[in-house]
Amino acid sequence: IVAAISNQAIVDVKKSQNGQNNIITKFTVVPSLSTAGIGRVLDSLGIKEKYDVYLTGDLPTFGGLGSSAAFSVALTRAFAKDKGILLTNEDVNRHAYEGEKAFHGNPSGVDNLAATYGGVFQFFRGKTYAENKFDSILLKSPLHIVISFSGKYSGTPQMVAKVKDLKDKHPEKFQSLIDSYLQIFEKARSAINSGDVEKIGHLMNENHSLLQTLGTSDPLNDQIVEIARKNGAIGAKVTGGGGGGCCIALAKNASDAEKIANAISVSGFKSF
């Protein structure tokens, strides 16, 4: 299950002055990855020119928030607008997926989906991009989410490799975890549909326990989750690839969300 948050990556583009693709931003980025993403989106759109790309907005580039996917979606829309190309959402999603490959190698496609369409979805990854499937999930009531950054960047490919190693060495244990995960997924979909916030939080906690067993939650993630729960979070868990990156916590209301974010910030983690 994936949900798009309200924060945005905003991209403005101008023809390059030095014959190369360039990224200009105050955010912390890896320039080589950003320019590679720019190049992949341009190639996917069939555009030959080089561009200066200006990234702004209020979506932090922390690991685990899908910021590279939001960047790829914004790139696609900006380049299409500059060249007068009309795109459907599915077109945007497909071109952004090509940009995501620069950042993640073999991305699932779930992050660019959320950034393209917005809303809440259930997503099933196929063997190829064309076989990916998704359906919208009705969000019965607003969810107040606190997002916190561990301060540690960890590459998604490394985490995927770690999980694959567990699968290969302990297939029965791995299958048991997957079975538990799918039960959580089914219950969570129902809880989101009915607006049962308490149930959603409980299932987030169950999910985090599974991620701990999988080895994709590290001590910093666990520390953030514990602080969030002690300060009123209904549920908290790792989000994204894990091994650092970000955690999300579910609050009962906006004031509780502020309290939780402040408590985590006081402990030394960036939180909003």
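We're numbering straight along the sequence, starting at 1. Note that the coordinates shown come from a computational prediction; the quantities given were computed from them, not determined experimentally.
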request  = Establish whether M204 and L139 are linked, either directly or via other cluster members, by ILVMFWY side-chain heavy-atom contacts under 4.5 Å.
outcome  = yes
message = My understanding is that only residues two or more places apart in sequence, or in another chain, count here; which of them pass side chain to side chain donor-acceptor pair (under 3.5 Å) with E98?
response = R40, K101
query = Ion pair present between R229 and E226, side-chain N to carboxylate O less than 4.0 angstrom?
reply = no
query = Passes side chain to side chain contact (heavy atoms under 4.5 Å, CB included), L55 versus I10? Steps please.
reply = CA-CA 6 Å; L55 171 64; I10 298 174; 6.0 Å; no
query = Which heavy atom in S34 sits nearest to a heavy atom in V29, and how many Å separate them?
reply = OG-CB, 3.7 Å
task = Verify the neighbour count for atom OH of Y181: are there more than 12 heavy atoms of other residues, nucleotides or ligands below 6.0 Å?
result = no
Only distances under 3.5 Å count here; give the side-chain donor-acceptor pairs of residues 60-76 to other protein atoms, sequence neighbours excluded, each with its distance to 0.1 Å.
residue	atom	partner	partner atom	Å
T61	OG1	T28	O	2.7
S68	OG	E100	OE1	2.6
S68	OG	H104	NE2	3.3
S72	OG	S68	O	2.9
T76	OG1	S72	O	2.8

task = Search all heavy atoms of N221 against all heavy atoms of G243 and return the closest pair with its distance.
result = OD1-N, 3.8 Å
query = Does a salt bridge link D256 with K259, judged by any charged N lying under 4.0 Å from a carboxylate O?
reply = no
request  = Please determine, by modelled atom types, if D222 and Q212 share a side-chain donor-acceptor pair under 3.5 angstrom.
outcome  = yes
query = Any ring-ring contact (aromatic ring centres under 6.0 Å, His included) pairs touching residues 27-54, not counting sequence neighbours?
reply = Y51-F79
request  = Treating Ile, Leu, Val, Met, Phe, Trp and Tyr as nodes and any side-chain heavy-atom pair under 4.5 angstrom as an edge, say whether I5 and F149 lie in one connected cluster.
outcome  = yes
ask   = Who are the side chain to side chain donor-acceptor pair (under 3.5 Å) partners of S44, not counting sequence neighbours?
value = H95
ask   = For S190 and N193, what are the C-alpha separation, side-chain angles and deciding distance, and is it a side-chain hydrogen bond (donor to acceptor under 3.5 Å, both in side chains)?
value = CA-CA 5 Å; S190 174; N193 270 327; over 6 Å; no
task = Would you sort out whether N22 and T35 count as a side chain to side chain contact (heavy atoms under 4.5 Å, CB included), showing the intermediate values?
result = CA-CA 6 Å; N22 302 289; T35 53; 5.6 Å; no
query = Can you check whether C246's main-chain N or O pairs, donor with acceptor, with S150's side chain at less than 3.5 Å?
reply = no
ask   = Thinking salt bridges, do D196 and K140 make one under a 4.0 Å N-O criterion?
value = no
ask   = Taking it one step at a time, do I248 and V238 satisfy side chain to side chain contact (heavy atoms under 4.5 Å, CB included)?
value = CA-CA 6 Å; I248 56 174; V238 172; over 6 Å; no
inquiry  = Within this structure, what is the CG-CD1 distance for the pair N21 and I38, rounded to the nearest 0.5 Å?
reply    = 5.5 Å
ask   = Does V2 share a hydrophobic cluster with I137, counting links as ILVMFWY side-chain heavy atoms below 4.5 Å and allowing steps through other members?
value = no
For Y129, ring pair (Phe, Tyr, Trp, His ring centres under 6.0 Å) partners two or more places apart = Y97
query = Excluding sequence neighbours, so at least two apart, what forms salt bridge (charged side-chain N to carboxylate O under 4.0 Å, His left out) with D168?
reply = K164
remark   = In short, I260 meets A251 closest at the heavy-atom pair CD1-CB, 3.8 Å
query = Q223 side chain to P219 main-chain N or O, any donor-acceptor pair under 3.5 Å?
reply = no
Using distance only, find each side-chain donor-acceptor pair of residues 105-114 under 3.5 Å and give its atom names and separation, not counting sequence neighbours.
residue	atom	partner	partner atom	Å
N106	OD1	R125	NH2	3.1
S108	OG	V110	N	3.1
N112	ND2	N93	O	3.4
N112	ND2	N93	OD1	2.7
N112	ND2	G109	O	3.4

ask   = Given the rule that I, L, V, M, F, W and Y join up when any side-chain heavy atoms are under 4.5 Å apart, are L59 and V146 in one cluster?
value = no
K15, NZ atom: more than 12 neighbouring heavy atoms under 6.0 Å = yes
remark   = The ring pair (Phe, Tyr, Trp, His ring centres under 6.0 Å) partners of F174 (sequence neighbours excluded) come to none
request  = Tell me, yes or no, whether the heavy-atom count around E131 atom CD, taken from other residues, nucleotides or ligands under 6.0 Å, exceeds 12.
outcome  = yes
query = Nearest 0.5 Å, what's the CD1-CG distance between I264 and N231?
reply = 7.5 Å
Worked verdict on V13 versus D52 for side chain to side chain contact (heavy atoms under 4.5 Å, CB included) = CA-CA 6 Å; V13 299; D52 290 332; over 6 Å; no
ask   = By side chain to side chain donor-acceptor pair (under 3.5 Å), which residues pair with D179, not counting sequence neighbours?
value = Q175
ask   = Ignoring hydrogens and geometry, is there a side-chain-to-backbone donor-acceptor pair from T213 to S209 under 3.5 Å?
value = yes
query = Within a reach of under 6.0 Å around CG of L182, are more than 12 heavy atoms found that belong to other residues, nucleotides or ligands?
reply = yes
remark   = Heavy-atom nearest pair, C247 first then V225, reads SG-CG2, 4.2 Å
Heavy-atom neighbours of E90 CD exceed 12 at 6.0 Å = yes
message = Using the side chain to side chain donor-acceptor pair (under 3.5 Å) criterion, which residues pair with D12? Sequence neighbours excluded.
response = none
inquiry  = Please enumerate all residues that pass ring pair (Phe, Tyr, Trp, His ring centres under 6.0 Å) together with F269, with sequence neighbours excluded.
reply    = none
ask   = Where the side chain of R77 meets the backbone of T116, is there a donor-acceptor pair that is under 3.5 Å apart?
value = yes
query = Rounded to the nearest 0.5 Å, how far does CG of L166 lie from CG of L177?
reply = 6.5 Å
task = Give the cluster check for I85 versus V41: same hydrophobic cluster or not, with ILVMFWY residues linked at side-chain heavy-atom distances below 4.5 Å.
result = yes
Reported OG-to-CD1 distance for the pair S271 and I224, which is rounded to 0.5 angstrom = 7.5 Å
request  = Look up atom CD1 in I234 and atom CD1 in I200, then write down how far apart they are to the nearest 0.5 Å.
outcome  = 8.5 Å
task = Answer with yes or no whether the side chains of N207 and K237 bring together a donor and an acceptor at under 3.5 Å.
result = yes
remark   = dist E258:CD -> H144:NE2 (nearest 0.5 Å) comes out at 11.0 Å
inquiry  = Considering only residues two or more places apart or on different chains, which pairs with a residue in residues 183-238 satisfy ring-ring contact (aromatic ring centres under 6.0 Å, His included)?
reply    = F124-F185
remark   = Residues G235 and N205: closest non-hydrogen pair is CA-OD1, 3.3 Å
Under 3.5 Å: donor-acceptor pair, side chain of N7, backbone of D58 = yes
request  = Please check if any side-chain donor atom of N18 sits under 3.5 Å from a side-chain acceptor atom of S16, or the reverse.
outcome  = yes
